[in-house]
Undergrad: 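Got a structure for you, written out below as structure tokens; questions coming shortly.
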Amino acid sequence: MTVQPREKTAKTVTAKTARPVTSAAAGTPAGGGAGAGKAGRPAGGRSWGTAALPWGLLAPTLLVLALVLGYPLVRLVTLSFQKFGQAQLWGFKPAEWTGLDNFTAILGDSEFWQVVLRTILFAGGAVVLTMVLGMLIALLLQRVSWWVKVLVNIALVASWAMPVIVAVTVFKWMFDTDYGVLNWLISKLPGVDFNGHNWFASGPEGLTVIMLLVVWGAVPFVVITLGAGLTQVPKELEEAARLDGAGAPGIFRYVTLPILKPIIVMLTTLSVIWDMGVFPQVYLMRGGHPEPEFQLLTTYSYTRAFVVNDYSGGSAIALVTVLLLLGVVAVYMRQMLKIGEVE
């Protein structure tokens, strides 16, 4: 009986056991080439199924969005290129294609441009006021005790969840000509008499009141979002800046703002879109009949379509509004891409 050396036995065992492992790693089982083909097809099938699974899960939602949003948008574009009034609505006359006549009419109307300017000023003022107040309140909540923070958050959520009709009723009472709380408080100042003052006698004052109503409903979302973002600011960076001699304004400018920039850009863009689309606040505050000096793009389009019964003109105004909002979205996407490149 011949005993093989230990090194030779180990090499022989290693060589025998290495072949199946190498074959399996290469995707070829010990059974031969037929097994390799069968093993490859399921792998490809699993890959295709994995890629198609998210789209299959999203298909019902995409279908509902296409029906709920897609059809109205297509109908809006179609009406904006037609002559469609009350006769066409009741089927007495067929709709007539007019090309760009509706857009030419509204773009050549000076009243339309006044409404556009009024809407931009209204949305710009509301956005700036919302972001400034939201940032100040969010910073304040970082420096108060926990029970004050809880009470303020409860108040913010309550105001955020309040229906628009209830909020409009509260603001109508606050700014009422005869029984308004604000007139009573201002009249308490020495030498000031605001009793019987009508805040809606002029467009600028009335739109300022409506702007405060919009800001009051938008600030809670901004505060809660910025408050969550402030929790992600590293305390080490703030402490290092403080040791370098930076004060509170310097820390906020060079440490806090750069970290919060993506959130601020997102909130600003959303606020612009929401404030340019304000409708119920203006409509309800003016009792369903906004005067010309209170008209914004949304109410102007509604009045043109459903009060004057010029559905094609109202659709053209609405489509121009959509294009303006798409421009805002394009600016937002560009800013977010720049932030991503920097990071």
Side-chain angles (χ1 to χ4, degrees), residues 64-123 126 163-165 167-169 171-172 198 200-207 209-211 213-214 272-328:
V64 172
L65 289 177
L67 293 176
V68 175
L69 300 178
Y71 174 76
L73 184 60
V74 172
R75 187 60 174 162
L76 177 70
V77 175
T78 303
L79 288 176
S80 63
F81 290 98
Q82 292 178 340
K83 180 182 178 182
F84 198 94
Q86 200 166 16
Q88 287 78 13
L89 177 65
W90 293 104
F92 299 126
K93 292 182 180 180
E96 302 176 11
W97 291 93
T98 59
L100 298 175
D101 290 350
N102 293 321
F103 296 97
T104 304
I106 64 172
L107 294 178
D109 187 3
S110 60
E111 183 181 2
F112 170 77
W113 291 110
Q114 292 176 5
V115 173
V116 171
L117 179 60
R118 190 182 300 120
T119 303
I120 292 175
L121 293 176
F122 178 88
V164 176
I165 294 180
V168 168
T169 304
F171 268 73
K172 275 188 174 182
N198 186 2
F200 296 95
S202 65
E205 281 191 8
L207 285 176
V209 174
I210 298 174
M211 183 189 301
L213 171 61
V214 173
V272 170
I273 294 174
W274 291 337
D275 294 342
M276 286 193 68
V278 165
F279 176 82
Q281 290 87 344
V282 180
Y283 186 80
L284 294 174
M285 288 291 280
R286 301 315 302 142
H289 302 283
E291 296 85 348
E293 60 268 22
F294 288 90
Q295 293 283 2
L296 303 179
L297 278 173
T298 51
T299 58
Y300 186 60
S301 173
Y302 176 86
T303 302
R304 188 73 172 267
F306 297 103
V307 177
V308 186
N309 294 324
D310 182 10
Y311 303 103
S312 55
S315 299
I317 296 171
L319 186 58
V320 172
T321 305
V322 171
L323 294 177
L324 290 175
L325 294 179
L326 287 178
V328 176

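Counting begins at 1 with the first residue of the sequence. As the structure is a prediction and not an experimental result, all values here were calculated from the model.
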Undergrad: By side chain to side chain contact (heavy atoms under 4.5 Å, CB included), which residues pair with Thr119, not counting sequence neighbours?
TA: Val115, Met276, Leu296, Leu297
Undergrad: Please tabulate, for side-chain N and O atoms in residues 82-93, each donor-acceptor pair with protein atoms closer than 3.5 Å (sequence neighbours left out).
TA:
residue, atom, partner, partner atom, Å
Gln86, OE1, Asn309, ND2, 3.4
Gln88, OE1, Gly85, N, 2.8

Undergrad: When rounded to the nearest 0.5 angstrom, what distance separates OG in Ser80 from CD1 in Ile106?
TA: 8.5 Å
Undergrad: So, do Thr98 and Phe81 sit near enough that their side-chain heavy atoms are less than 4.5 Å apart?
TA: no
Undergrad: With Glu111, which residues qualify under side-chain hydrogen bond (donor to acceptor under 3.5 Å, both in side chains), at least two apart?
TA: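 With neighbours one apart ignored, the set is empty.
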Undergrad: Going from CD on Gln281 to CG on Asp275, what distance comes out if it is rounded to the nearest 0.5 angstrom?
TA: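 It is 9.0 Å, given to the nearest 0.5 Å.
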Undergrad: Could you tell me which residues satisfy ring-ring contact (aromatic ring centres under 6.0 Å, His included) with Tyr283, sequence neighbours excluded, listed by chain and number?
TA: Phe279, Tyr302
Undergrad: Please check if the number of heavy atoms outside Leu67 that lie under 6.0 Å from its CG is greater than 12.
TA: yes
Undergrad: Under the rule for salt bridge (Lys or Arg N to Asp or Glu O under 4.0 Å), what residues qualify as partners of Arg286, not counting sequence neighbours?
TA: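 Arg286 satisfies salt bridge (Lys or Arg N to Asp or Glu O under 4.0 Å) with Glu291 once adjacent residues are dropped.
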Undergrad: Counting N and O atoms only, with roles assigned by atom type, does the side chain of Thr303 sit under 3.5 Å from a partner on the main chain of Thr299, one being a donor and the other an acceptor?
TA: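 Between the backbone of Thr299 and the side chain of Thr303 there is a qualifying donor-acceptor contact (under 3.5 Å).
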Undergrad: Under a plain distance cut-off of 3.5 Å, with no hydrogens placed, do Ser312 and Asp310 share a side-chain donor-acceptor pair?
TA: yes
Undergrad: Please identify each residue that fulfils side chain to side chain contact (heavy atoms under 4.5 Å, CB included) with Val74, with sequence neighbours left out.
TA: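 Val74 satisfies side chain to side chain contact (heavy atoms under 4.5 Å, CB included) with Thr78 only.
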Undergrad: Measure the spacing between CD of Glu293 and CG of Leu207 and express it to the nearest 0.5 Å.
TA: 8.5 Å
Undergrad: Applying side chain to side chain contact (heavy atoms under 4.5 Å, CB included), name anything that partners Ala167, two or more places apart in sequence or on another chain.
TA: Met162, Leu213, Trp216
Undergrad: Could I get the full list of side chain to side chain contact (heavy atoms under 4.5 Å, CB included) partners for Leu65, not counting sequence neighbours?
TA: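 Only Thr61, Leu69 meet the side chain to side chain contact (heavy atoms under 4.5 Å, CB included) criterion with Leu65.
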Undergrad: Please identify each residue that fulfils ring-ring contact (aromatic ring centres under 6.0 Å, His included) with Phe200, with sequence neighbours left out.
TA: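 For Phe200 there are no ring-ring contact (aromatic ring centres under 6.0 Å, His included) partners, ignoring immediate neighbours.
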Undergrad: Side chains of Val214 and Phe122: does their closest heavy-atom pair fall under 4.5 Å?
TA: yes
Undergrad: Nearest 0.5 Å, please: how far is CG in Leu73 from CG in Leu76?
TA: 6.0 Å
Undergrad: Applying side-chain hydrogen bond (donor to acceptor under 3.5 Å, both in side chains), can you list everything that pairs with Arg118, at least two apart in sequence or on another chain?
TA: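 Here no residue qualifies.
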Undergrad: Only distances under 3.5 Å count here; give the side-chain donor-acceptor pairs of residues 314-322 to other protein atoms, sequence neighbours excluded, each with its distance to 0.1 Å.
TA:
residue, atom, partner, partner atom, Å
Ser315, OG, Tyr311, O, 2.7
Thr321, OG1, Ile317, O, 2.9

Undergrad: Who pairs with Ser301 by side-chain hydrogen bond (donor to acceptor under 3.5 Å, both in side chains), at least two apart in sequence or on another chain?
TA: none
